[in-house]
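Along the sequence shown, residues are numbered consecutively beginning with 1.
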Amino acid sequence: MSELEVFLTQAARGAFDISSTDDHRRLRDLADGLLAADPSDDDLTAISIGIDRPIDLRLGATLARSKRQLGQVAWTGRIAVVFAMWGEQRRLRPRGDLNPTGEDALHVKLDQLDWLLDSNDIDWLIYPVDDGDPDDSAAVAEERALLHDRGDRVRVLRLADGVADTTGPLAGLGHVDESRKGGAIIHGAAAAMADGCDAVVMTDADNSVNLGQVGLLIAAHARGADVVIGDRKHPEAILIKAEARWGPGIVVLRHMQRMVGRALFERGLRDTQAAFKLYGRPALDDILAAPSTFGFAFDSDWLYGAVAGGHTIERVPFAFIDSFEESASITQGPMTTWESLLQGLVAAARSRGVDHDEEMASVIDDYGHAPVLEHVVQRVPPELEGIADDRLGDPDIMSPARLRSWLEREVGLLR
(Lines give C-alpha, C1' and ligand atoms only; values in the text may rest on other atoms or scores of the structure.)
Protein backbone atom coordinates (compact mmCIF):
# COMPACT_ATOMS: atom_id res chain seq x y z
CA MET A 1 0.00 0.00 0.00
CA SER A 2 1.37 3.43 -0.97
CA GLU A 3 2.18 6.16 1.57
CA LEU A 4 -0.78 8.11 0.29
CA GLU A 5 -3.21 5.21 0.65
CA VAL A 6 -1.95 4.51 4.20
CA PHE A 7 -2.57 8.14 5.06
CA LEU A 8 -6.03 8.12 3.51
CA THR A 9 -7.12 5.05 5.46
CA GLN A 10 -5.86 6.38 8.80
CA ALA A 11 -6.45 10.12 8.78
CA ALA A 12 -10.11 10.72 8.00
CA ARG A 13 -12.96 10.46 10.49
CA GLY A 14 -15.79 10.89 8.03
CA ALA A 15 -17.34 13.90 9.74
CA PHE A 16 -16.87 17.66 9.94
CA ASP A 17 -18.53 20.36 12.07
CA ILE A 18 -18.09 23.97 10.89
CA SER A 19 -18.57 25.23 14.45
CA SER A 20 -15.63 23.18 15.80
CA THR A 21 -12.24 24.88 15.85
CA ASP A 22 -10.70 21.44 16.40
CA ASP A 23 -12.30 20.16 13.21
CA HIS A 24 -11.00 23.16 11.26
CA ARG A 25 -7.52 22.50 12.62
CA ARG A 26 -7.85 18.84 11.67
CA LEU A 27 -8.67 19.79 8.07
CA ARG A 28 -5.45 21.77 7.87
CA ASP A 29 -3.55 18.80 9.28
CA LEU A 30 -5.17 16.59 6.65
CA ALA A 31 -4.15 19.03 3.92
CA ASP A 32 -0.56 19.18 5.18
CA GLY A 33 -0.44 15.39 5.43
CA LEU A 34 -1.70 15.03 1.90
CA LEU A 35 0.88 17.49 0.59
CA ALA A 36 3.66 15.68 2.48
CA ALA A 37 2.64 12.45 0.72
CA ASP A 38 3.19 14.36 -2.57
CA PRO A 39 0.22 13.14 -4.61
CA SER A 40 -0.21 14.33 -8.18
CA ASP A 41 -2.57 17.20 -8.93
CA ASP A 42 -4.93 14.68 -10.51
CA ASP A 43 -4.87 12.56 -7.34
CA LEU A 44 -5.79 15.57 -5.17
CA THR A 45 -8.63 16.49 -7.50
CA ALA A 46 -9.89 12.91 -7.54
CA ILE A 47 -9.94 12.84 -3.73
CA SER A 48 -11.73 16.18 -3.41
CA ILE A 49 -14.48 15.26 -5.89
CA GLY A 50 -14.80 11.61 -4.84
CA ILE A 51 -18.32 11.39 -3.41
CA ASP A 52 -17.47 8.00 -1.90
CA ARG A 53 -14.62 9.58 0.11
CA PRO A 54 -15.11 10.85 3.70
CA ILE A 55 -16.19 14.49 3.70
CA ASP A 56 -13.31 15.67 5.89
CA LEU A 57 -10.80 14.07 3.53
CA ARG A 58 -12.45 15.73 0.53
CA LEU A 59 -12.28 19.10 2.28
CA GLY A 60 -8.66 18.51 3.26
CA ALA A 61 -7.80 17.68 -0.35
CA THR A 62 -9.44 20.93 -1.47
CA LEU A 63 -7.27 22.88 0.98
CA ALA A 64 -4.20 20.98 -0.23
CA ARG A 65 -5.03 21.95 -3.83
CA SER A 66 -5.35 25.58 -2.74
CA LYS A 67 -2.00 25.64 -0.97
CA ARG A 68 -0.23 23.84 -3.80
CA GLN A 69 -1.65 26.12 -6.48
CA LEU A 70 -0.66 29.18 -4.48
CA GLY A 71 2.90 27.88 -4.30
CA GLN A 72 2.99 27.45 -8.07
CA VAL A 73 2.39 31.13 -8.88
CA ALA A 74 4.50 34.20 -8.20
CA TRP A 75 1.93 36.60 -6.78
CA THR A 76 3.19 38.74 -3.89
CA GLY A 77 0.65 41.52 -3.45
CA ARG A 78 -1.57 42.52 -0.55
CA ILE A 79 -4.90 40.73 -0.28
CA ALA A 80 -7.97 41.90 1.67
CA VAL A 81 -10.78 39.68 2.88
CA VAL A 82 -14.02 41.61 3.37
CA PHE A 83 -17.24 40.42 4.97
CA ALA A 84 -20.43 42.10 6.18
CA MET A 85 -21.91 41.67 9.66
CA TRP A 86 -25.54 41.92 10.68
CA GLY A 87 -26.69 39.81 13.62
CA GLU A 88 -23.34 38.01 13.75
CA GLN A 89 -22.61 38.50 17.46
CA ARG A 90 -23.30 34.82 18.19
CA ARG A 91 -21.39 33.29 15.28
CA LEU A 92 -18.36 35.46 16.07
CA ARG A 93 -18.11 33.87 19.52
CA PRO A 94 -17.32 30.19 20.24
CA ARG A 95 -20.11 27.64 20.57
CA GLY A 96 -21.16 26.82 24.12
CA ASP A 97 -24.16 26.11 26.32
CA LEU A 98 -25.04 29.81 26.37
CA ASN A 99 -24.21 30.28 22.68
CA PRO A 100 -25.42 27.19 20.80
CA THR A 101 -24.98 28.72 17.31
CA GLY A 102 -21.46 30.01 17.89
CA GLU A 103 -18.73 29.36 15.32
CA ASP A 104 -15.79 31.45 16.63
CA ALA A 105 -15.83 32.70 13.05
CA LEU A 106 -13.26 35.50 13.19
CA HIS A 107 -10.66 33.35 14.95
CA VAL A 108 -11.28 30.53 12.47
CA LYS A 109 -10.75 32.90 9.53
CA LEU A 110 -7.52 34.23 11.04
CA ASP A 111 -6.22 30.70 11.56
CA GLN A 112 -7.12 29.69 8.00
CA LEU A 113 -5.43 32.68 6.36
CA ASP A 114 -2.39 32.38 8.63
CA TRP A 115 -1.99 28.73 7.57
CA LEU A 116 -2.33 29.52 3.88
CA LEU A 117 -0.58 32.86 3.41
CA ASP A 118 2.10 33.33 6.04
CA SER A 119 4.42 30.84 4.35
CA ASN A 120 4.26 33.05 1.23
CA ASP A 121 5.32 36.63 0.59
CA ILE A 122 1.69 37.76 0.62
CA ASP A 123 0.47 40.47 2.94
CA TRP A 124 -3.13 40.11 4.10
CA LEU A 125 -5.80 41.89 6.11
CA ILE A 126 -9.37 41.10 7.18
CA TYR A 127 -12.09 43.76 7.07
CA PRO A 128 -15.22 42.84 9.05
CA VAL A 129 -17.82 45.54 8.32
CA ASP A 130 -20.84 46.21 10.53
CA ASP A 131 -23.85 46.78 8.24
CA GLY A 132 -25.77 48.86 10.79
CA ASP A 133 -26.32 45.90 13.11
CA PRO A 134 -28.49 46.91 16.12
CA ASP A 135 -26.59 44.32 18.18
CA ASP A 136 -23.22 45.94 17.35
CA SER A 137 -21.39 43.05 15.72
CA ALA A 138 -18.46 45.44 15.25
CA ALA A 139 -17.86 45.61 19.00
CA VAL A 140 -17.86 41.81 19.21
CA ALA A 141 -15.41 41.57 16.29
CA GLU A 142 -13.10 44.07 17.97
CA GLU A 143 -13.28 42.09 21.18
CA ARG A 144 -12.51 38.80 19.43
CA ALA A 145 -9.63 40.31 17.42
CA LEU A 146 -7.88 41.37 20.64
CA LEU A 147 -7.93 37.76 21.83
CA HIS A 148 -6.08 36.31 18.81
CA ASP A 149 -2.35 36.35 18.05
CA ARG A 150 -3.11 37.55 14.54
CA GLY A 151 -5.63 40.16 15.65
CA ASP A 152 -3.41 42.93 14.28
CA ARG A 153 -4.49 41.75 10.82
CA VAL A 154 -8.11 42.80 11.52
CA ARG A 155 -9.55 46.22 10.58
CA VAL A 156 -13.10 46.41 11.96
CA LEU A 157 -15.28 48.97 10.15
CA ARG A 158 -18.77 50.39 10.63
CA LEU A 159 -20.91 51.33 7.65
CA ALA A 160 -22.32 54.17 9.77
CA ASP A 161 -18.93 55.87 9.47
CA GLY A 162 -19.16 55.86 5.68
CA VAL A 163 -22.73 56.93 4.95
CA ALA A 164 -21.95 60.60 5.49
CA ASP A 165 -19.61 60.59 2.48
CA THR A 166 -20.83 62.92 -0.27
CA THR A 167 -18.35 61.53 -2.78
CA GLY A 168 -17.15 58.05 -3.54
CA PRO A 169 -19.03 54.73 -3.83
CA LEU A 170 -21.28 55.35 -0.80
CA ALA A 171 -22.48 58.78 -1.92
CA GLY A 172 -25.86 57.34 -2.92
CA LEU A 173 -26.48 55.67 0.44
CA GLY A 174 -28.44 57.93 2.75
CA HIS A 175 -28.67 55.72 5.83
CA VAL A 176 -27.30 52.40 7.05
CA ASP A 177 -30.83 50.98 7.07
CA GLU A 178 -30.87 51.30 3.27
CA SER A 179 -28.09 48.73 3.02
CA ARG A 180 -28.61 44.99 2.80
CA LYS A 181 -25.04 43.72 2.93
CA GLY A 182 -23.99 45.52 -0.25
CA GLY A 183 -23.23 48.81 1.46
CA ALA A 184 -20.98 47.12 3.99
CA ILE A 185 -19.05 45.19 1.34
CA ILE A 186 -18.59 48.36 -0.70
CA HIS A 187 -17.34 50.22 2.39
CA GLY A 188 -14.89 47.44 3.18
CA ALA A 189 -13.60 47.17 -0.40
CA ALA A 190 -13.10 50.93 -0.65
CA ALA A 191 -11.18 50.95 2.65
CA ALA A 192 -9.02 48.05 1.48
CA MET A 193 -8.14 49.86 -1.72
CA ALA A 194 -7.28 53.00 0.26
CA ASP A 195 -4.97 50.82 2.36
CA GLY A 196 -3.10 49.72 -0.76
CA CYS A 197 -4.59 46.27 -1.24
CA ASP A 198 -4.14 44.81 -4.70
CA ALA A 199 -7.15 42.50 -4.61
CA VAL A 200 -10.25 42.02 -2.49
CA VAL A 201 -11.81 38.68 -1.57
CA MET A 202 -15.47 38.84 -0.61
CA THR A 203 -16.83 36.19 1.75
CA ASP A 204 -19.47 35.75 4.49
CA ALA A 205 -19.17 36.26 8.24
CA ASP A 206 -19.83 32.60 9.04
CA ASN A 207 -17.65 29.53 8.50
CA SER A 208 -19.43 28.30 5.37
CA VAL A 209 -16.35 29.01 3.24
CA ASN A 210 -12.96 27.81 4.47
CA LEU A 211 -10.55 30.64 3.65
CA GLY A 212 -7.76 28.13 3.25
CA GLN A 213 -9.23 27.93 -0.28
CA VAL A 214 -8.24 31.51 -1.12
CA GLY A 215 -5.20 30.08 -2.90
CA LEU A 216 -7.55 28.87 -5.63
CA LEU A 217 -8.68 32.47 -6.21
CA ILE A 218 -5.20 34.01 -6.04
CA ALA A 219 -3.75 31.41 -8.41
CA ALA A 220 -6.41 32.13 -11.04
CA HIS A 221 -5.85 35.88 -10.56
CA ALA A 222 -2.09 35.41 -10.95
CA ARG A 223 -2.73 33.54 -14.21
CA GLY A 224 -4.47 36.64 -15.61
CA ALA A 225 -8.10 36.70 -14.45
CA ASP A 226 -9.24 40.16 -13.33
CA VAL A 227 -12.15 38.63 -11.42
CA VAL A 228 -12.35 35.10 -10.01
CA ILE A 229 -15.72 33.63 -9.04
CA GLY A 230 -16.16 30.67 -6.72
CA ASP A 231 -18.68 28.35 -8.37
CA ARG A 232 -20.66 25.96 -6.14
CA LYS A 233 -22.47 24.57 -9.20
CA HIS A 234 -19.25 23.38 -10.85
CA PRO A 235 -19.07 19.57 -11.13
CA GLU A 236 -15.85 19.60 -9.07
CA ALA A 237 -17.33 21.73 -6.25
CA ILE A 238 -18.37 20.48 -2.82
CA LEU A 239 -21.77 21.82 -1.83
CA ILE A 240 -23.61 21.00 1.37
CA LYS A 241 -26.55 23.39 1.44
CA ALA A 242 -29.91 23.43 3.20
CA GLU A 243 -31.99 23.96 0.05
CA ALA A 244 -35.08 22.86 1.97
CA ARG A 245 -35.32 26.37 3.42
CA TRP A 246 -37.05 27.41 0.17
CA GLY A 247 -40.43 26.28 -1.10
CA PRO A 248 -40.89 24.53 -4.46
CA GLY A 249 -41.69 27.86 -6.12
CA ILE A 250 -38.05 28.96 -5.77
CA VAL A 251 -37.82 27.87 -9.41
CA VAL A 252 -40.10 30.81 -10.31
CA LEU A 253 -37.78 33.29 -8.63
CA ARG A 254 -34.71 31.77 -10.26
CA HIS A 255 -36.43 31.84 -13.65
CA MET A 256 -37.02 35.57 -13.20
CA GLN A 257 -33.50 36.14 -11.93
CA ARG A 258 -31.79 34.36 -14.79
CA MET A 259 -33.83 35.98 -17.52
CA VAL A 260 -32.98 39.46 -16.27
CA GLY A 261 -29.40 38.39 -15.54
CA ARG A 262 -28.79 36.68 -18.86
CA ALA A 263 -25.62 38.73 -19.48
CA LEU A 264 -24.14 36.79 -16.57
CA PHE A 265 -25.80 33.41 -16.89
CA GLU A 266 -25.04 33.10 -20.61
CA ARG A 267 -21.36 33.45 -19.65
CA GLY A 268 -21.69 30.47 -17.32
CA LEU A 269 -21.86 32.68 -14.22
CA ARG A 270 -24.76 30.78 -12.68
CA ASP A 271 -23.66 30.99 -9.04
CA THR A 272 -23.82 34.75 -8.78
CA GLN A 273 -24.44 34.84 -5.02
CA ALA A 274 -21.57 32.63 -3.84
CA ALA A 275 -19.66 34.45 -1.09
CA PHE A 276 -16.24 33.56 -2.46
CA LYS A 277 -15.01 35.98 -5.11
CA LEU A 278 -11.81 37.88 -5.84
CA TYR A 279 -11.71 41.26 -7.56
CA GLY A 280 -8.45 42.82 -8.71
CA ARG A 281 -7.88 46.55 -8.31
CA PRO A 282 -8.58 47.53 -11.96
CA ALA A 283 -11.96 45.78 -11.88
CA LEU A 284 -12.79 47.35 -8.52
CA ASP A 285 -11.99 50.80 -9.90
CA ASP A 286 -14.73 50.33 -12.50
CA ILE A 287 -17.19 48.60 -10.18
CA LEU A 288 -16.97 51.12 -7.32
CA ALA A 289 -17.12 54.14 -9.60
CA ALA A 290 -20.92 53.89 -9.69
CA PRO A 291 -22.51 51.02 -7.70
CA SER A 292 -26.19 50.70 -8.54
CA THR A 293 -27.40 48.87 -5.45
CA PHE A 294 -26.52 48.49 -1.77
CA GLY A 295 -28.73 45.44 -1.34
CA PHE A 296 -28.22 41.70 -1.69
CA ALA A 297 -27.95 42.07 -5.48
CA PHE A 298 -24.58 43.80 -5.13
CA ASP A 299 -22.97 40.50 -6.28
CA SER A 300 -24.72 40.78 -9.64
CA ASP A 301 -24.02 44.51 -9.87
CA TRP A 302 -20.30 43.89 -9.37
CA LEU A 303 -20.30 41.16 -12.01
CA TYR A 304 -22.22 43.45 -14.39
CA GLY A 305 -19.58 46.10 -13.75
CA ALA A 306 -16.81 43.63 -14.55
CA VAL A 307 -18.56 42.55 -17.77
CA ALA A 308 -19.24 46.14 -18.83
CA GLY A 309 -15.59 47.03 -18.15
CA GLY A 310 -14.32 44.17 -20.32
CA HIS A 311 -12.56 42.44 -17.43
CA THR A 312 -11.69 38.76 -17.69
CA ILE A 313 -13.70 36.51 -15.36
CA GLU A 314 -12.73 32.98 -14.37
CA ARG A 315 -14.75 30.43 -12.37
CA VAL A 316 -13.20 28.01 -9.89
CA PRO A 317 -14.89 25.17 -7.98
CA PHE A 318 -14.72 25.33 -4.18
CA ALA A 319 -16.21 23.79 -1.05
CA PHE A 320 -19.22 25.38 0.65
CA ILE A 321 -20.99 24.09 3.76
CA ASP A 322 -24.16 25.98 4.61
CA SER A 323 -24.27 27.76 7.97
CA PHE A 324 -28.02 27.71 8.24
CA GLU A 325 -29.12 28.59 11.77
CA GLU A 326 -28.08 32.25 11.82
CA SER A 327 -28.49 32.96 8.10
CA ALA A 328 -29.64 36.49 7.25
CA SER A 329 -32.27 34.99 4.96
CA ILE A 330 -33.79 33.41 8.07
CA THR A 331 -33.35 36.24 10.59
CA GLN A 332 -34.39 38.98 8.14
CA GLY A 333 -36.93 36.87 6.24
CA PRO A 334 -36.10 34.88 3.11
CA MET A 335 -38.47 36.71 0.80
CA THR A 336 -37.26 40.09 2.06
CA THR A 337 -33.86 38.87 0.89
CA TRP A 338 -35.22 37.78 -2.49
CA GLU A 339 -37.09 41.08 -2.90
CA SER A 340 -33.82 42.95 -2.47
CA LEU A 341 -32.05 40.49 -4.75
CA LEU A 342 -34.51 40.67 -7.65
CA GLN A 343 -35.17 44.40 -7.53
CA GLY A 344 -31.47 45.14 -7.12
CA LEU A 345 -30.69 42.90 -10.09
CA VAL A 346 -33.07 44.93 -12.25
CA ALA A 347 -31.58 48.22 -11.05
CA ALA A 348 -28.06 46.95 -11.71
CA ALA A 349 -28.86 45.72 -15.23
CA ARG A 350 -30.43 49.04 -16.15
CA SER A 351 -27.73 51.15 -14.51
CA ARG A 352 -24.81 49.22 -16.03
CA GLY A 353 -26.44 49.21 -19.47
CA VAL A 354 -25.93 45.47 -19.97
CA ASP A 355 -28.10 43.11 -21.96
CA HIS A 356 -31.17 41.91 -20.05
CA ASP A 357 -34.79 40.95 -20.61
CA GLU A 358 -36.63 44.21 -19.97
CA GLU A 359 -40.04 42.54 -20.18
CA MET A 360 -39.10 40.27 -17.26
CA ALA A 361 -37.58 43.26 -15.46
CA SER A 362 -41.00 44.92 -15.72
CA VAL A 363 -42.61 41.82 -14.22
CA ILE A 364 -40.23 42.12 -11.26
CA ASP A 365 -41.07 45.83 -10.94
CA ASP A 366 -44.71 44.86 -10.47
CA TYR A 367 -44.52 41.57 -8.58
CA GLY A 368 -41.05 41.30 -7.01
CA HIS A 369 -42.26 42.25 -3.53
CA ALA A 370 -41.93 40.16 -0.38
CA PRO A 371 -45.66 39.47 0.28
CA VAL A 372 -46.14 38.26 -3.30
CA LEU A 373 -42.94 36.22 -3.22
CA GLU A 374 -43.94 34.59 0.08
CA HIS A 375 -47.07 33.33 -1.68
CA VAL A 376 -45.40 32.41 -4.96
CA VAL A 377 -42.52 30.43 -3.44
CA GLN A 378 -44.99 27.75 -2.33
CA ARG A 379 -46.38 27.26 -5.85
CA VAL A 380 -45.05 26.13 -9.22
CA PRO A 381 -46.65 26.95 -12.58
CA PRO A 382 -47.09 23.93 -14.88
CA GLU A 383 -44.44 25.24 -17.30
CA LEU A 384 -41.71 25.09 -14.64
CA GLU A 385 -42.59 21.76 -13.05
CA GLY A 386 -39.68 19.34 -13.31
CA ILE A 387 -37.54 21.76 -15.33
CA ALA A 388 -33.79 21.18 -14.99
CA ASP A 389 -31.93 23.95 -13.18
CA ASP A 390 -29.80 24.81 -16.18
CA ARG A 391 -32.93 25.53 -18.28
CA LEU A 392 -34.36 28.12 -15.93
CA GLY A 393 -34.30 31.56 -17.52
CA ASP A 394 -35.18 30.25 -20.98
CA PRO A 395 -38.14 32.32 -22.28
CA ASP A 396 -39.19 29.39 -24.47
CA ILE A 397 -39.92 27.47 -21.26
CA MET A 398 -42.05 30.24 -19.78
CA SER A 399 -42.20 33.70 -21.33
CA PRO A 400 -42.42 36.93 -19.30
CA ALA A 401 -45.96 37.44 -20.59
CA ARG A 402 -47.04 33.97 -19.50
CA LEU A 403 -45.39 34.42 -16.08
CA ARG A 404 -47.10 37.78 -15.65
CA SER A 405 -50.45 36.16 -16.36
CA TRP A 406 -49.76 33.41 -13.82
CA LEU A 407 -48.66 35.97 -11.22
CA GLU A 408 -51.78 38.07 -11.79
CA ARG A 409 -53.90 35.04 -10.99
CA GLU A 410 -51.84 34.13 -7.92
CA VAL A 411 -51.91 37.69 -6.57
CA GLY A 412 -55.68 37.65 -7.02
CA LEU A 413 -55.80 34.73 -4.59
CA LEU A 414 -54.14 36.91 -1.95
CA ARG A 415 -56.92 39.50 -2.00
Side-chain angles (χ1 to χ4, degrees), residues 18-19 24 78-93 101-114 116-117 124-133 135-145 148 150-151 153-162 169-170 176 179-193 195 197 199-214 217 228-230 232 273-279 284 287-288 294-296 298-299 302 318-324 326-329 331-332 337:
I18 64 170
S19 69
H24 283 285
R78 170 180 277 191
I79 196 91
V81 174
V82 177
F83 62 88
M85 299 182 295
W86 196 96
E88 301 296 349
Q89 68 278 5
R90 289 174 290 276
R91 287 199 288 207
L92 288 168
R93 294 190 172 103
T101 57
E103 297 182 13
D104 202 10
L106 182 57
H107 283 199
V108 167
K109 293 181 193 302
L110 286 165
D111 289 340
Q112 290 166 346
L113 290 171
D114 184 44
L116 177 69
L117 299 177
W124 57 276
L125 295 166
I126 296 181
Y127 293 79
V129 189
D130 190 309
D131 195 35
D133 181 9
D135 293 310
D136 199 1
S137 289
V140 180
E142 289 168 342
E143 167 198 314
R144 298 302 298 164
H148 195 282
R150 287 300 200 179
R153 299 276 186 172
V154 179
R155 307 282 191 271
V156 179
L157 303 176
R158 290 171 169 82
L159 180 58
D161 294 331
L170 292 176
V176 292
S179 173
R180 292 291 185 273
K181 188 177 181 179
I185 297 295
I186 289 168
H187 188 39
M193 292 179 70
D195 288 343
C197 292
V200 169
V201 171
M202 184 274 291
T203 191
D204 274 343
D206 56 45
N207 288 340
S208 57
V209 178
N210 190 311
L211 293 182
Q213 300 176 93
V214 165
L217 301 180
V228 189
I229 307 302
R232 295 169 295 184
Q273 303 309 116
F276 190 56
K277 301 181 178 75
L278 179 149
Y279 292 87
L284 282 171
I287 290 163
L288 297 183
F294 303 103
F296 289 112
F298 81 92
D299 292 274
W302 285 32
F318 74 108
F320 178 93
I321 299 177
D322 202 9
S323 177
F324 176 74
E326 294 278 335
S327 172
S329 66
T331 58
Q332 297 184 29
T337 301

Could you tell me if the side chain of [Y] sits less than 4.5 Å from the side chain of [X], heavy atoms only?
| X | Y | result |
| --- | --- | --- |
| Ile18 | Val108 | no |
| Val81 | Trp124 | no |
| Asp136 | Arg158 | yes |
| Arg93 | Val140 | yes |

Locate the shortest heavy-atom distance separating [X] from [Y]; write the atom from each residue and the value.
| X | Y | value |
| --- | --- | --- |
| Asp130 | Ser137 | OD2-N, 3.1 Å |
| Leu217 | Gly230 | CD2-N, 4.5 Å |
| Val129 | Leu159 | CG1-N, 4.2 Å |
| Ala184 | Ala84 | CB-CB, 3.7 Å |
| Phe320 | Val209 | CD1-CG2, 3.7 Å |
| Gly183 | Leu170 | O-CD2, 3.8 Å |

Tell me whether Glu142 contacts the main-chain N or O of Val156 through its side chain, where contact means a donor paired with an acceptor under 3.5 Å.
no
Side-chain donor/acceptor of Asp195 to backbone N/O of Cys197, under 3.5 Å
no
Within this structure, what is the [atom1]-[atom2] distance for the pair [X] and [Y], rounded to the nearest 0.5 Å?
| X | Y | atom1 | atom2 | value |
| --- | --- | --- | --- | --- |
| Gln112 | Leu117 | CD | CG | 11.0 Å |
| Arg91 | Asp104 | CZ | CG | 13.5 Å |
| Leu106 | Met85 | CG | CE | 8.5 Å |
| Glu143 | Gln89 | CD | CD | 11.5 Å |
| Asp114 | His148 | CG | NE2 | 7.0 Å |
| Lys109 | Phe83 | NZ | CZ | 5.5 Å |

Between Ile126 and Leu110, is the side-chain contact (heavy atoms from CB on, under 4.5 Å) condition met? List the steps.
CA-CA 8 Å; Ile126 296 181; Leu110 286 165; 3.7 Å; yes
Given Phe276 and Val228, is the side-chain contact (heavy atoms from CB on, under 4.5 Å) satisfied, shown in steps?
CA-CA 9 Å; Phe276 190 56; Val228 189; over 6 Å; no
Before you tell me yes or no, could you show the steps for Val200 and Tyr127 under side-chain contact (heavy atoms from CB on, under 4.5 Å), namely the whole-Å CA-CA distance, both residues' side-chain angles and the distance that decides it to 0.1 Å?
CA-CA 10 Å; Val200 169; Tyr127 293 79; over 6 Å; no
Assess, by modelled atom type and distance only, whether the side chains of Asp161 and His187 contain a donor and an acceptor separated by less than 3.5 Å.
no
Presence of salt bridge, Asp204 and Lys181, under 4.0 angstrom
yes
Apply the test side-chain contact (heavy atoms from CB on, under 4.5 Å) to residues Glu88 and Asp133: give CA-CA distance (whole Å), side-chain angles for both, the deciding distance (0.1 Å), then the verdict.
CA-CA 8 Å; Glu88 301 296 349; Asp133 181 9; 5.5 Å; no
